[in-house]
Amino acid sequence: MENRSTKPTSVSRRGFLKMLGGVGLAGIAANIAGCSTDPAGGKGWMPQQYQVASSWPIQVKGRVPIDPNNPSIVRDDKKCILCGQCIEACEKVQTVMGYYELPIKDDITCVNCGQCTLWCPTGAITERDEIDKVLKAINDKNLHVVVQTAPATRVALGEEFGMPAGSIVEGKQVAALKKLGFDAVFDTNFTADLTIMEEGTELVKRITGELKKPLPQFTSCSPGWVKFCEYFYPDLLEHMSSAKSPQQMMGAVVKSYYAKQKGIDPEKIFSVSIMPCTAKKYECQRPEMNDAGHKAGKPNIRDVDVVLTTRELARMIKRAGINFNELEDAQYDSMLGEGTGAAVIFGTTGGVMEAAVRSAYFLITKQNPPEALLELTPVRGLNGVKEASLEIPGAGKINVAVCSGLGNARKILDQVREDIKQGLPPRYHFIEFMSCPGGCIGGGGQPRTALPPSDAVRQARLASLYTMDAKIYKKRLSHENQEVIQIYQNYFEHPMSELAEELLHTEYTDRGKHLTAKKKA
């Protein structure tokens with residue numbers, strides 16, 4: 001009698017794909033109950049494009065390279081099926097992979113945007129999970145643990161708990177964070193308003209010639225975009241606003257101004273951010289993001305210690321057994337908790353531009369903008385590139401542009417570069433760039449609601465942010481935020497003061513030397 005082992009045979013992914021290579025679709029379907037290969041309209045579960053009687057070629061398309069030490073994203077090779085969806089996102093949408101020559105030099109080129117995590121059908125690529133770091137800090141009685149929440153998280157987190165896309169859960173999110181044990185819950189909207197004051201002042205100074213930096217001015221709040229520019233367009237970095245992102249401004253303010261007001265040693269403060277963005281994990285680790293530590297004479301202190309994505313916060317809430325849907329709304333803590341409608345629309349493409357225009361008008365004219373500038377329709381919506389022109393008394397005609405998705409950014413940047421080469425005057429004064437399609441609402445750390453990411457979902461989130469601006473927030477202008485006014489009166493004195501420059505502004509790095517840019521055909 002033949003001796004046969006009953007131990008199951010382990011088949012590797014490579015072996016499985018090889019095995020399937022010679023199997024026709026009909027042969028596979030014949031063994032699956034209820035699955036038809038009738039080209040006239042079988043009703044099996046297989047995708048429509050395969051509902052034909054033919055062979056089934058295996059499509060192994062490859063995958064994007066990911067550094068094992070990437071601070072933002074990781075890949076589980078056991079889940080990867082080499083479908084190439086991550087390549088589609090990186091090469092076709094973000095124009096990163098394939099836009100440099102191989103072999104690589106001294107790093108694996110990545111802008112940390114995390115769009116590949118949204119396109120991956122198996123969940124093989126995810127954000128780097130740092131929940132345990134945060135729980136450890138919360139359980140350390142010697143630490144004062146604070147948290148900030150970005151604008152876009154409050155219109156997406158609910159999707160993780162069965163709510164419709166775009167549900168506004170600001171109050172529930174704050175309540176959940178307090179239940180999780182954070183000592184203070186702050187709103188990144190506060191420092192979005194602070195960013196507008198700094199970035200808007202910088203723009204006005206460039207336009208008037210007081211600041212000897214070129215136009216157009218680029219926004220600087222999207223770390224994926226910033227790194228993209230550092231890699232592929234380092235010659236244009238002088239156009240980048242020196243203003244830090246709202247996340248990093250909050251980190252610096254918490255460990256300087258807030259620490260001083262509360263009498264807390266900055267070393268005893270652990271600062272957490274809840275962000276829609278995987279690139280924020282990278283941003284908080286940039287070497288230069290320790291200005292509060294430098295001010296305290298302890299450069300080892302980071303301005304922001306850990307960033308969690310919207311998805312990580314959802315998992316954290318579920319692990320704690322919190323019934324999110326039944327939570328009563330709670331309020332942000334004062335001192336760093338007030339925000340305006342101008343700040344909340346930071347979360348969508350065109351929002352930073354619109355907020356900046358509102359306060360730039362005030363900074364130039366000393367009057368609040370007319371109603372027309374509170375609904376700057378040309379820069380709204382999901383189009384990848386948008387333009388607008390407006391008249392500001394004392395400054396004349398101001399031309400602006402808005403880009404979301406790095407493939408669209410490349411088009412505008414090539415245009416700016418060509419205009420400079422030909423000695424033409426700048427066609428724009430101010431350009432908003434966001435790494436992710438749709439802006440932060442479509443960030444790489446947001447809930448996975450469709451594959452690939454759906455414009456319908458992005459549109460729902462976008463609409464909710466504009467609703468909050470127009471109907472829920474009492475103030476719509478950054479310069480009217482009372483807590484922002486107080487921090488200037490009590491600490492910074494005025495936008496772009498010496499202390500503001502020290503804590504709220506930054507510099508950029510030429511990363512062009514780390515890659516060989518691909519020549520255009």
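Worth saying up front: this structure is predicted, and the values here are computed from it rather than measured.
- Environment of CD in E371: sparse, with no more than 12 heavy atoms of neighbouring residues, nucleotides or ligands closer than 6.0 Å.
- Here the side chain of T278 pairs a donor or acceptor atom with the backbone of N112 at under 3.5 angstrom.
- Residue Q422 places its CD atom among more than 12 non-hydrogen atoms of other residues, nucleotides or ligands, all under 6.0 Å distant.
- The distance from the CD1 atom of I431 to the OG atom of S241 is 13.0 Å, given to the nearest 0.5 Å.
- Looking at residues two or more places apart in sequence or on another chain, you find a side chain to side chain donor-acceptor pair (under 3.5 Å) between E159 and R461.
- Between the side chain of T348 and the backbone N or O of G351, no donor-acceptor pair lies under 3.5 Å.
- Looking only at distances, no side-chain donor or acceptor of K179 sits under 3.5 Å from a matching main-chain atom of I322.
- Side-chain N or O atoms of Q285 include none that pairs as donor or acceptor with a backbone N or O of Y282 at under 3.5 Å.
- A search for side-chain contact (heavy atoms from CB on, under 4.5 Å) contacts involving I420 returns L236, H239, V416, not counting sequence neighbours.
- Formation of a donor-acceptor pair under 3.5 Å by the S454 side chain with backbone atoms of A450 is not found in this model.
- No side-chain donor-acceptor contact under 3.5 Å links S497 to the backbone of E493.
- In this model, a donor atom of one side chain and an acceptor atom of the other lie less than 3.5 Å apart for R311 and T117.
- Take S220 and apply the side chain to side chain donor-acceptor pair (under 3.5 Å) test, not counting sequence neighbours, and it matches no residue.
- Within the 4.5 Å cutoff, side-chain heavy atoms of Q94 are placed close to those of C113.
- For residues 160-205, the ring pair (Phe, Tyr, Trp, His ring centres under 6.0 Å) pairs, not counting sequence neighbours, are F161-F324, F186-Y258.
- Side-chain contact, Q486 with Q482: no donor N or O sits under 3.5 Å from an acceptor N or O.
- Contact annotation: the side chain of I196 never approaches that of R358 to less than 4.5 Å [non-hydrogen atoms, C-beta and beyond].
- In this structure, F346 and P151 approach most closely via the heavy-atom pair CB-CG, 4.2 Å.
- Counting only residues at least two apart or on different chains, the ring pair (Phe, Tyr, Trp, His ring centres under 6.0 Å) pairs with a member in residues 454-481 are F362-H479.
- Between V402 and E387, every side-chain heavy-atom pair lies at or beyond the 4.5 Å cut-off.
- Residues meeting the side-chain contact (heavy atoms from CB on, under 4.5 Å) test with P452, sequence neighbours left out: W119.
- Judged by distance alone, with hydrogens and angles left aside, the side-chain atoms of R380 form no donor-acceptor pair with the main-chain N or O of G350 at under 3.5 Å.
- At distances below 3.5 Å, not a single donor-acceptor pair connects side-chain atoms of T153 with backbone N or O atoms of T149.
- Residues Y233 and D414 have side chains that bring a donor and an acceptor to within less than 3.5 angstrom of each other.
- Considering all non-hydrogen atoms of both residues, L203 and F430 come closest at CD2-CD2, 3.7 Å.
- Under the rule for a side chain to side chain donor-acceptor pair (under 3.5 Å), the partners of D455 that lie at least two apart in sequence or sit in another chain are R458.
- In terms of modelled atom types and a separation under 3.5 Å, the side chain of S464 and the main chain of G166 share a donor-acceptor contact.
- Taking the side chain as every heavy atom from C-beta outward, L477 and P369 approach each other to under 4.5 Å.
- Using modelled atom types, one finds no donor on one side chain facing an acceptor on the other under 3.5 Å when comparing Q261 with N490.
- Counting heavy atoms from C-beta outward, K280 and P223 have side chains that approach closer than 4.5 Å.
- Between M250 and V304, every side-chain heavy-atom pair lies at or beyond the 4.5 Å cut-off.
- Q331 CD: 12 or fewer foreign heavy atoms inside a 6.0 Å radius.
- Partners of C120 under the side-chain contact (heavy atoms from CB on, under 4.5 Å) rule, at least two apart in sequence or in another chain, are T122, A124, I125.
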Show the numbers, then the answer: is there a salt bridge (charged side-chain N to carboxylate O under 4.0 Å, His left out) between K386 and E432? CA-CA 10 Å; K386 296 164 284 189; E432 176 201 296; over 6 Å; no
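- In this structure, F218 has its ring center closer than 6.0 angstrom to the ring center of F433.
- Under the side-chain contact (heavy atoms from CB on, under 4.5 Å) rule, V185 has a single partner from D333, V272, L336, I274, which is D333.
- Here side-chain hydrogen bond (donor to acceptor under 3.5 Å, both in side chains) pairs that include residues 396-407, with residues two or more places apart or in two chains, are S389-N399.
- Residues satisfying the side-chain contact (heavy atoms from CB on, under 4.5 Å) test with A343, not counting sequence neighbours, are N189, A192, D193, T340.
- A 4.5 Å side-chain heavy-atom check between V147 and L308 finds every atom pair outside the cut-off.
- A donor-acceptor distance shorter than 3.5 angstrom exists from the side chain of N290 to the backbone of P299, with no hydrogens or angles considered.
- Taking Q459 as the reference, nothing meets the side chain to side chain donor-acceptor pair (under 3.5 Å) condition, with sequence neighbours excluded.
- Among residue pairs with one or both ends in residues 195-224, those qualifying as salt bridge (Lys or Arg N to Asp or Glu O under 4.0 Å) are E202-R206, K205-E210; sequence neighbours excluded.
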